[in-house]
Protein chains: 2
Amino acid sequence: MVTNQIREILKDKNLKITPQRVSILETVFSLKNHPNAQQIIDAVHKKNPNISVGTIYKTLDTFVENGVISKVRHTDETSRYDWRTDNHHHLYVEDDNQIVDYINDELNLLLEDFFRRNRIPGFEIKSVKVHINGNYIQE
Amino acid sequence: MVTNQIREILKDKNLKITPQRVSILETVFSLKNHPNAQQIIDAVHKKNPNISVGTIYKTLDTFVENGVISKVRHTDETSRYDWRTDNHHHLYVEDDNQIVDYINDELNLLLEDFFRRNRIPGFEIKSVKVHINGNYIQE
DNA sequence: TTATCAGTTAGGAATAGTTACTATATAATA
DNA sequence: TATTATATAGTAACTATTCCTAACTGATAA
């Protein structure tokens with residue numbers, strides 16, 4: 001990804017083009033496979049050691065907010081506990097940060113069948129969980 | 001859930017039955033809807049203010065390890081970023097804490113069709129993500 | 001019932017990841 | 001080029017969780 005393309009992307013989103021943002025976005029694109037913040041920080045600092053950690057966090061947030069990149073995990077980050085230990089799925093209610101059980105046998109069968117037909121080479125599946133993100137609507 | 005049932009559960013798992021464990025497990029069962037640690041701590045402290053926070057964390061871990069309860073989130077807890085913003089899914093490789101993209105149009109169609117046929121009353125779905133948990137096997 | 005001991009707990013210190021703060025700097029604009 | 005709103009550096013603060021250790025206790029077996 002060339003610097004000019006990066007600048008385009010920022011411009012399209014009406015984000016001010018700063019050297020820090022360009023560098024951080026370049027880095028995220030260059031890193032494969034879902035880096036965490038620390039990995040991004042390290043990689044950015046290799047090229048520009050003077051970009052501050054706070055800026056990197058803030059910039060990543062800005063990018064996520066504007067759909068330039070995404071976060072693998074959308075809901076809040078504290079661990080949640082679940083008294084159910086059977087195979088079930090979850091609704092992630094974005095507005096109020098709630099998690100609701102979603103139990104549906106047809107969905108389980110559907111997934112079971114799909115992954116039986118579509119084995120992932122060399123990968124042993126332990127469980128498959130569907131995350132349904134959205135919101136309750138009041139009409 | 002009666003205290004005796006709680007004691008049964010702990011006994012089945014060969015866990016020492018302590019007042020702290022009984023109280024914490026009772027609390028988790030009594031709280032609906034995926035409490036986080038803080039909510040559990042607060043609820044436990046309402047009845048037993050002298051159970052220490054460290055104990056509660058440790059006990060919850062023990063319960064999860066022994067399959068008494070589960071954690072909604074299994075992989076590591078730091079945020080991961082993703083340069084892809086299109087609809088795709090993830091393999092969660094447990095052994096080495098890696099996240100790998102899983103892109104499959106058939107799966108997307110399957111899910112789209114399923115949720116079109118199975119609307120969730122009052123809930124507007126924004127996105128559906130499949131989390132495939134497991135490990136790579138070397139043969 | 002009591003003695004033993006491995007496992008558990010309380011309480012506080014330490015840590016890691018992230019966010020907040022603020023004075024200074026700078027990109028976009030007119 | 002001057003203006004202004006926004007972004008940045010550097011650091012302090014915060015939050016969730018883990019670590020540490022001396023004291024304690026449930027389970028077991030005599």
Side-chain angles (χ1 to χ4, degrees), chain A residues 3-4 6-25 27-28 34-45 47-66 68-69 71-81 97, chain B residues 3-4 6-25 27-28 34-45 47-66 68-69 71-81 97:
Chain A
T3 305
N4 275 348
I6 301 276
R7 301 172 76 89
E8 282 297 294
I9 293 170
L10 294 176
K11 206 169 183 183
D12 281 356
K13 303 283 184 178
N14 284 318
L15 294 172
K16 269 193 192 169
I17 298 165
T18 69
Q20 292 86 344
R21 284 181 175 173
V22 172
S23 172
I24 292 164
L25 191 48
T27 303
V28 174
H34 317 93
N36 58 26
Q38 196 53 57
Q39 291 170 303
I40 295 170
I41 292 165
D42 291 345
V44 167
H45 279 174
K47 290 188 173 181
N48 307 71
N50 45 330
I51 297 179
S52 90
V53 171
T55 299
I56 296 174
Y57 273 108
K58 194 154 189 337
T59 302
L60 289 170
D61 273 2
T62 306
F63 290 163
V64 171
E65 272 167 30
N66 288 275
V68 180
I69 61 175
K71 246 187 187 176
V72 172
R73 210 163 269 136
H74 295 98
T75 50
D76 74 336
E77 298 308 320
T78 62
S79 304
R80 305 282 201 116
Y81 296 89
N97 221 345
Chain B
T3 306
N4 275 348
I6 302 274
R7 303 171 76 88
E8 283 296 296
I9 293 171
L10 295 177
K11 207 169 182 184
D12 281 355
K13 303 283 184 178
N14 284 317
L15 293 172
K16 267 194 193 169
I17 297 165
T18 69
Q20 291 88 342
R21 286 181 174 172
V22 172
S23 172
I24 292 165
L25 191 48
T27 303
V28 173
H34 318 91
N36 58 28
Q38 195 53 59
Q39 290 170 304
I40 295 170
I41 291 166
D42 291 345
V44 167
H45 278 174
K47 289 189 174 180
N48 307 70
N50 45 331
I51 296 179
S52 90
V53 171
T55 299
I56 296 174
Y57 273 108
K58 192 154 191 337
T59 302
L60 290 170
D61 273 1
T62 306
F63 289 164
V64 171
E65 273 167 31
N66 288 276
V68 180
I69 62 177
K71 246 188 186 173
V72 172
R73 209 162 272 135
H74 295 100
T75 49
D76 74 337
E77 298 307 319
T78 62
S79 305
R80 304 281 199 117
Y81 296 89
N97 222 345

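First the proteins, then the strands, lettered A, B, ... as listed; each starts at 1. Computed from heavy atoms alone, side chains included, the values below leave out hydrogens, waters and symmetry copies.
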Peer 1: Output one letter per nucleotide in nucleotides 8-13 of chain C: B when a protein non-hydrogen atom lies under 4.0 Å from the base, S when only the sugar-phosphate is that close, - when neither is.
Peer 2: SSBB--
Peer 1: Quick one: OG1 on B:Thr27 to CD1 on B:Ile41, what's the gap to the nearest 0.5 Å?
Peer 2: 11.5 Å
Peer 1: Find the distance B:Phe63:CZ to C:dG7:C1' and express it as a whole number of Å.
Peer 2: 14 Å
Peer 1: Return the value, rounded to whole Å, for the distance between atom CD1 of B:Ile17 and atom C1' of D:dT28.
Peer 2: 14 Å
Peer 1: Stepwise, does the side chain to side chain contact (heavy atoms under 4.5 Å, CB included) test hold for B:Gln39 with B:Asn36?
Peer 2: CA-CA 5 Å; B:Gln39 290 170 304; B:Asn36 58 28; 3.3 Å; yes
Peer 1: Would you kindly give the CD1-to-C1' distance between B:Ile41 and D:dT17, to the nearest whole Å?
Peer 2: 9 Å
Peer 1: Nearest 0.5 Å, please: how far is CD1 in A:Ile24 from NZ in A:Lys58?
Peer 2: 11.0 Å
Peer 1: Will you find, in the side chains of B:Gln38 and B:Asp42, an N or O donor that is under 3.5 Å from an N or O acceptor?
Peer 2: yes
Peer 1: Under the side chain to side chain contact (heavy atoms under 4.5 Å, CB included) rule, what do B:His45 and B:Ile56 come out as? Steps first, then yes or no, please.
Peer 2: CA-CA 10 Å; B:His45 278 174; B:Ile56 296 174; 4.0 Å; yes
Peer 1: Could you give the distance from CG (A:Asp61) to CG (A:Asn66), rounded to the nearest 0.5 Å?
Peer 2: 10.5 Å
Peer 1: Taking NE2 from A:His45 and C1' from D:dG10, how many angstroms apart are they, rounded to a whole number?
Peer 2: 11 Å
Peer 1: Quickly work out the A:Asn48 CG to D:dA7 C1' distance and round it to whole Å.
Peer 2: 16 Å
Peer 1: Report the distance from atom OG1 of B:Thr62 to atom CG of B:Leu15, rounding to the nearest 0.5 Å.
Peer 2: 7.0 Å
Peer 1: With B:Val68 as reference, evaluate B:Leu25, B:Val28, B:Asp12 under the side-chain contact (heavy atoms from CB on, under 4.5 Å) test and give the passing residue.
Peer 2: B:Leu25
Peer 1: With rounding to the nearest 0.5 angstrom, report the CZ to CZ distance, A:Arg21 to A:Arg7.
Peer 2: 12.5 Å
Peer 1: Expressed in angstrom and rounded to an integer, what is the separation of A:Asp61 atom CG from C:dT19 atom C1'?
Peer 2: 9 Å
Peer 1: Quickly work out the A:Leu60 CG to D:dA7 P distance and round it to whole Å.
Peer 2: 14 Å
Peer 1: Atom CD of A:Gln39 and atom P of C:dG17: how far apart are they, to the nearest Å?
Peer 2: 11 Å
Peer 1: Do any side-chain nitrogens or oxygens of A:Tyr57 fall under 4.0 Å of OP1 or OP2 in C:dT19?
Peer 2: no
Peer 1: What is the bend of the helix from C:dT1-D:dA30 to C:dA30-D:dT1 when you compare the axis at one end with the axis at the other, using five pairs each and rounding to 10°?
Peer 2: 40°
